[in-house]
Each structure stands twice: as C-alpha cells, then as structure tokens.
Amino acid sequence: MTFLTYLIKGISLGSIYAIIALGYTMVYGIAKMLNFAHGDVIMVGAYICFYAMMSFGLPPVVAVILAMIVCTVLGVVIERLAYKPLRAAPSLAVLITAIGVSYFLQNAAQLLWTTNPKVFTSVVGDGSVKFFGGQLSISYVTIVTIAACLIIMVALVWFTSKTKMGKAMRACSEDKGAAQLMGINVNTTISVTFAIGAALAAIAGVLLCSAYPTLMPTTGSMPGIKAFTAAVFGGIGSIPGALVGGILLGIIEIFANAYISTELSNAIVFAVLIIVLIVRPAGLLGKQTNEKV
Amino acid sequence: MLKVNDINVYYGSIHAIKGISFEVKQGEIVTLIGANGAGKSTILNTVSGLLTSRTGSITFHDKPINGVAAHRIVANGLAQVPEGRRVFLQMTVEENLEMGAFTRKVSEIDGALENVYERFPRLKERRKQIAGTLSGGEQQMLAMGRALMSKPELLMLDEPSMGLAPLLVEQIFDIIKELNAAGTTILLVEQNAQMALSVADRGYVLETGKIVTAANASDLLNNDAVKKAYLGG
C-alpha cells in the first residue's frame, strides 16, 4: 500500500510539473525560446493567491482567479518588454535576458514580500479521502491537482486542434513567414501563448504551495527547472510530451526519494534525464530535428 | 492594380533590389523572370509586406501598402504562394486551407473550401491527411488552394514549377490560366522562363536586382538576348 501511496504522490507532483512544463513547451514551440522566468511566475501566482486569501479574505476560488489574471498580465508584459525587442536577436541573447527576468522577479518578490517564508494555506482544505479501510489515504490537494492537470491537458489539446487561434499558434510554430502570409498576426499569437503559459503557471503555483506550503521568493525556481527538465524529457514543443515528461519526472522523484535516498533524489532525476537524452535526443515524444537551441 | 515604383530593398548591407518599378493591371498575367538570386522572391516578399522597401512606393488599387504589416496585406485581396510551397507540414490539408482563410468571416469559409476542392479534387480526397505526407505536386496544389482561400484579386506565385515533374508543371500552369480566366490577376515569378512566358501577357526580365527588359511575353519569347540567357538558345 505504501507503493501505491508513493505512486499517487508522484503522479500528483508530476501533474504540477506537467502544468508548468506546458508553459515552457508552448512558448518554445512558438517563440523558439526558453523562458527561464517561467518558474518565477509560479511564485508570483502563489503570492498573489496567498495575499488575496490572507489579507483580503477572498474565497480560494476568487483568489486563484485573481492570481491567474495577474500572472497573465505579467506574462504578456514580460514578453512585450523583455523578449519582443529581441525577436531578431541571437537566441543566446534571449536566453540570457530570460535568466535576467527570472532574477528580476525573485528580487522584486524579496523587496515586496521579504525573504521570510510564508505558510501557504491549501486552497482545497486539508482533508483526505480514505480507501481500503483507511490504509490508503489521498488528500484533497492530490485529487484536485491530478484532476486540474487532466482538465488543462484536454482543454489545451482541444484549443490547439479546434479553435482558430489554436490552429494559428500551430501554424506560427511551424513557419512564421508563411503564417503572416495567411494574415495571422504573429505578435498577437506569441502574446496569447505567453498569456496561457502564465495563467497555467499561476494554477501550478497555487497547487504546488497547497501541497508543499512553504512560500518564498525562490519557491518557483527549483520546480521551474524540474518542469523545464520534464518538458525536455517529454520532447520540448510537444503538449502530450509535457504531460508524459512531467508525470514520469514526478514519479521518479518521489520513488527515488522514498526507496533510494532523499539526498540523491534530485541527482537521480537529472541522471535519468541525461540517459533519456543520450538515447532519444529529441525527448520521449519529440520530433527528431537538427535545430539548434 | 498593383504599382511598384522605384523600390530599394536591403538585406543588412546587401542591396538586393535596386530601384525597381513595374505594374500589374487588372486581369493580366505578368511574369518576372531571371536567374537565381536576381531578386524575384525579394520583390514578392516586399509586396507581401514580409520585407520593406526603403524608398519609393507600392500601391494596390491606388492604396499605399509599403510598410504595412504582412498580416494586414492579405485582407486587401493580395495573396502569395511562397517559394518552396511552405505549407504547414504538421497540419492537415483542411487545416492548411482554413489558415488561408484566416482573415475571412467564419461564415465564408465553407464556401471557399468548396471552391478550392472543386478546383483541386485531389485535395478533397486528402483533406484529413497531414500535409507532410503529400507529394510535391499535391503540396503545390495545397499551397495554391490555401492562397485562394483568402479570395485574392491578385495572386502572386513564387516558382510554382520548382522541383515538379514536367507533366505536373503543365498541370499547374493550366490551373494558373484557368484562375486568370476566372478573373484572378496573376503575378508569376519563375525560373522556367519558357513556361512562364507562354502563359503570361507581359514579362519583366531581372538581373541582379534590376529590370533589364520589359515587354509583351510573346516579344520576349522571340527576343534574342532573352532566348540566349533564359530559354536555352
């Protein structure tokens, strides 16, 4: 039964990675850039939700929606101010800018909210559901996290395959020039992508802090790196890849933690990534191309 | 309909188009011929708004379009079938066509799809297929169908014959003639000068970013210099 408990815990953590990884993978697919500030948008989302509930006493649902709105605006503003002027610049310049934005967000958070950890109150309460006469207990947070991940995934697949904007996003990710010849506004499409990624980051931040309640300005950075790893693991640019990569990474991390070593769990996670990339350089579900990152 | 007046286009410090002027009138087929690197595609991309001319003017129906963003130009009735087709390889045939109608109202898309399928029955057969699985000729038809989805008054085609078997080239040129007969004005860029001049009304000969000859297509076909340089003697 402990195995099952760990498995479910792994899927739940993996679901959070998957939701974050979606932001990396969608932005990469369209803007061909690695937005390393994405992890810190998670932290901002969690803080907004925290203060909305604690200082303003808003109900959790309203707080989450508020966090999503703030992060969406933040994501679009970051893209407009920091990345858009570099559209024609070498990818290295964009990468360094993204790292700069990441530090900017962390330091701004320190200034605004100090480095003292906040204890985040779960948005879904602390209860759990018991199975097998109490032998297996699954917390509400775990259930909500996994459900949220599945709903988001289905919604995104629907969005990119059925809606005009979603199809335009796929067209832009393949060939921006040809997309413009169709009348698609590439800048708008990139903005929408950043907006979706940032809104998902807010959800991930809230779910992450509901499960692991310590909130600090650096809270987003490690999950951000892990989710980036998950995106690469699954095949960057691929939406199902983000799901598969995220869930697998979560399971590996929790199992390594439980059965091998707490200290080594991160090392094991990254070792698995290295092995996967040696065997399949484009990731599990990625397409083999010769593109340089 | 389309008037291009004294445009100069640069790639960084490279002066690719050097003071070119030409005109396309309603109902015509006009061709730009010239060797690789003469600047033919650059001209189309400038008209389409992907590139901007530093000088001069481009007007479509007397409305200036130089400097207008590429995605706003399509809605004016000006579509391009780009060199190398550039269909969206990971999207289905029908999705590619829908993208072509991006600027049109949703209510008009079904009718536009029907028109394209009527002209290209092969595309209808393969509508659910991923474009990357189509043959070169089918991809060219898809690229043309996609451009037609925006219901252009002026259709610009960049090297539609490239990489196609002779039989397919003839088929593509027949379609170009049919489209023109149905009222679409055509601006055709080709390396296959023989084919291009045989369907065109007028032609311009380009050499390293300049127009060196402009004449009726039939005169160009009989012009000794043109014959020597572009028609194999």
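This one's a predicted model, so the numbers in the text were calculated from it and none came from an experiment. To find a chain, count down the sequence lines: A is the first, B the second, and so on, and within it residues start at 1.
Applying the salt bridge (charged side-chain N to carboxylate O under 4.0 Å, His left out) test to pairs two or more places apart or on separate chains, none has a residue in residues 239-250 of chain A.
Under the side-chain contact (heavy atoms from CB on, under 4.5 Å) criterion, A/Ala231 pairs with A/Ala21, A/Tyr24, A/Thr25, A/Ile236, sequence neighbours left out. Judged as a side-chain contact (heavy atoms from CB on, under 4.5 Å), and not counting sequence neighbours, the contacts of A/Ser12 are A/Thr142, A/Thr145, A/Ile146.
Considering every non-hydrogen atom in both B/Phe102 and A/Ala168, the closest pair reads CE1-CB, 3.7 Å. Here the closest non-hydrogen pair linking A/Ala171 and B/Phe88 is O-CE2, 3.4 Å. Taking all atoms of both residues into account, the shortest heavy-atom contact from B/Leu50 to A/Gly177 is CD2-O, 4.0 Å.
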How about the chain A/chain B donor-acceptor pairs under 3.5 Å, what are they, with distances?
from	atom 1	to	atom 2	distance (Å)
A/Lys164	NZ	B/Phe102	O	2.8
A/Lys167	NZ	B/Glu98	OE1	2.3
A/Arg170	NH1	B/Glu95	OE2	3.2
A/Arg170	NH2	B/Glu95	OE1	2.8
A/Glu174	OE1	B/Leu89	N	2.6
A/Glu174	OE1	B/Gln90	N	3.4
A/Glu174	OE2	B/Leu89	N	3.4
A/Glu174	OE2	B/Gln90	N	2.7
A/Asp175	OD1	B/Arg86	NH2	2.8
A/Asp175	OD2	B/Arg86	NE	2.8
A/Asn185	ND2	B/His71	NE2	3.2

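If you measure heavy-atom distances from B/Val87 to chain A, the contacts under 4.5 Å come from the backbone alone. Both the backbone and the side chain of B/Leu89 come within less than 4.5 Å of a heavy atom in chain A.
With a 4.5 Å cut-off on side-chain heavy atoms, B/Val74 and A/Met182 do not count as touching.
Counting non-hydrogen atoms of other residues, nucleotides and ligands closer than 6.0 Å to CZ of A/Phe270 gives a total above 12. By the 6.0 Å contact criterion, CG on A/Leu81 is enclosed, its count of non-hydrogen atoms from other residues, nucleotides or ligands being greater than 12.
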